[in-house]
Amino acid sequence: MGICYSLDNQEEGRPTSQANQQNRAYSTKIPTKARPDLPTYIALYSYHARTEDDLSFEQGDHLRILDNTRGAWWLAELLLSKNHIGQQGYIPSNFVAKLNSNESHLWYVGRIPRQAAERQLMNNHNSIGSFLIRESESRQGDFSLSVRDVDDVKPLIFLYFSLLIYKTAAYKQGLTSSEHYKIRKLDGNSGVYIAKRVVFPNLQLLVQYYQSNADGLCCQLTSSVAQTENAPITEGLSYRDEWEIPREQLTLHREIGSGQFGCVYEGQWNGTHQVAIKQLKKGMMDSQDFLREAKIMKELKHPRLIQLYAVVTVSEPILIVTELMPNGALNKFLQTPVGQTLSQMELMSMAEMVADGMSYLESKNFIHRDLAARNILVGNHNICKVADFGLTRVMVGADDYQPRDHQARLPIKWLAPEAAHYNRFSTKSDVWAFGIVLMEIITRGRVPYPGMSNTEVLEKIQIGYRMPKPIDCPEHLYNIMLECWQSQPEKRPTFETLMWQLEDGAPESGYREAEMFMR
Ligand code: ATP
């Protein structure tokens, strides 16, 4: 169990290559007592070892980091845990945070827009007083506190009820709102406060104070907002970051879908980790071309993109290993009974996640070329991630295709006119496709241009036709779609703009001050 360490190599804290080749027992552990400077981290999520080099740990465990020089996987030792104290092994660095840092608290959510914070607070798992702290959008370095509260407009309805009945009724009927407070910093970073009369050395103490006493806030803080996301995706399958893996390491369990490239299976890597395995049809891609492209795709890492883990390309069929998304493709998910009952707020949140992922691709100058709801995958808590980016480029014949020859397999209804007619793909043709995705989302999975053939769509788009606004589609959302469908690509917005437009500009207004008189 573990890695063989050479004491000579301790300074760098790296395993020797010889050690890598030997059996993987920790013959010599890093003597942590000799390194009091090593920082302590706390586990934000549990992690179960996937290889014998890994270290399993539970949420809340304390770990000492022995080597953080190997990118996304760090060598660590368990310090405080229900089991295996003293054990060493590799851990995914995005599962831990420095002890007592802001990031180590569940209430700290980093830089998310105000509307996203509100949506998170309105999650059914939260109650009155649930809260989060986020980085301020308008003033870098400042923070905002968002709290779930009872809606203060509604109390009139319940005027005759006792406070307890009112609160229960209001809660059950979803009559809740969220309040936002700016957390300001004293000059020189010497303290933080909401109301200047009570200043705290750090956010943690500020939270503790308002958890014991509302002191002017709309209500006393209770618990951290419920987590809507599961543990993050690790960078690669293990610290070794093997890209080309042996076919034998994969077990295909059941087919979960198929597309123009081949079949997709739910399976396991190394008998430990659930993954999705796409098995490409023979002759679909040149393996060298594919490998070149896949290497670029692997470097694209963002919480709203499907993480590519590994490939098998040495022989056909080529296999692509990615993270597994339990709710499958977005278009199908929206057609399910669950999808059909999603609120507009939830649908908008899904659209924002897609824009977020696409905005990242845009920043990397990477063109998706096949953005459509079928290529967006849905995980737990309706988390959406963009999939299949770049794959169409390496399809055999993709470089020299003539639209007429290939129309049968082109996703015509998602293609911008310049892409359909002149094979001109760009981030702006992705933006056009995003407009179609918005329509798919708001119509809960309806096929675009219902009743129209591909040829008809191509012809009508050229003469200015655009899909009409569905009855229940908000005006501002339809306007965003029309922006995406501008004939001239350069007039279409960027994904970054789209993201903020969908979040409604996220103005930093609507803040409350802690009420001084309530002390
Ligand atoms: P096309 O090949 O035209 O892009 P497609 O995206 O539907 O169509 P695939 O990417 O092969 O084709 O996926 C087929 C189906 O497999 C998807 O619709 C989805 O239901 C399922 N699937 C694909 N990847 C995953 C994944 N990582 N996790 C869960 N399900 C997946």
Side-chain angles (χ1 to χ4, degrees), residues 230 232-234 236-237 250-269 273-285 290 293-294 297-298 300-312 317-336 338-339 350 353-354 357-358 367-398 401 406-415 419 425 430 433-434 436-437 440-441 445 447-448 454:
N230 295 332
I233 296 303
T234 57
L237 287 165
L250 296 169
T251 324
L252 274 51
H253 287 157
R254 71 181 178 100
E255 187 176 320
I256 49 175
S258 64
Q260 57 172 326
F261 298 110
C263 292
V264 182
Y265 298 85
E266 183 190 308
Q268 267 187 329
W269 171 73
H273 186 51
Q274 291 281 98
V275 288
I277 303 161
K278 186 177 282 194
Q279 181 173 294
L280 300 184
K281 285 180 198 155
K282 286 193 176 162
M284 199 74 196
M285 285 177 197
F290 170 70
E293 189 69 12
M297 284 149 61
K298 193 183 173 234
L300 298 169
K301 287 169 187 145
H302 189 270
R304 298 292 165 245
L305 293 188
I306 288 290
Q307 172 73 53
L308 198 57
Y309 281 141
V311 291
V312 178
I318 291 176
L319 301 180
I320 305 175
V321 186
T322 67
E323 64 175 296
L324 180 71
M325 296 291 277
N327 287 317
L330 175 62
N331 59 335
K332 295 274 157 43
F333 176 72
L334 290 172
Q335 292 161 7
T336 62
V338 176
M350 295 170 110
M353 292 187 224
V354 179
M358 290 305 298
I367 308 167
H368 189 298
R369 292 171 173 248
D370 195 11
L371 180 61
R374 67 181 170 279
N375 284 332
I376 294 164
L377 296 170
V378 186
N380 295 326
H381 308 291
N382 303 339
I383 297 295
C384 287
K385 299 194 182 191
V386 179
D388 281 355
F389 33 95
L391 271 190
T392 46
R393 211 158 80 93
V394 279
M395 242 165 64
V396 167
Y401 73 58
H406 289 258
Q407 264 182 25
R409 77 175 184 206
L410 280 176
I412 293 291
K413 292 185 172 181
W414 286 261
L415 284 189
F425 286 87
D430 281 350
F434 180 72
I436 308 287
V437 171
E440 291 183 275
I441 291 178
V447 177
N454 281 349

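Side chains are part of it too, since the values below use all heavy atoms of this structure and drop only hydrogens, waters and symmetry mates. Just so you know, ligand 1 is whichever comes first in the structure, and atom 1 is the first atom listed for that ligand.
Here C384 contributes atom SG and L330 contributes atom CG; the two are 5.0 Å apart, rounded to the nearest 0.5 Å. Taking CZ of F389 as the reference point, atom CZ of R369 lies at 14.5 Å (rounded to 0.5 Å).
For the pair V386/I306, no side-chain contact is recorded, criterion being any heavy-atom separation below 4.5 Å from C-beta on. Residues V275 and T322 have side chains not in contact (no heavy-atom distance under 4.5 Å, counting atoms from C-beta outward). A 4.5 Å side-chain heavy-atom check between H368 and M358 finds at least one atom pair inside the cut-off.
At least one donor-acceptor pair closer than 3.5 Å links the side chain of N375 to the backbone N or O of D370.
Every protein residue with a heavy atom nearer than 4.0 Å to ligand 1 is included here: I256, G257, S258, G259, Q260, F261, G262, V264, A276, K278, T322, E323, L324, M325, A329, D370, R374, N375, L377, D388.
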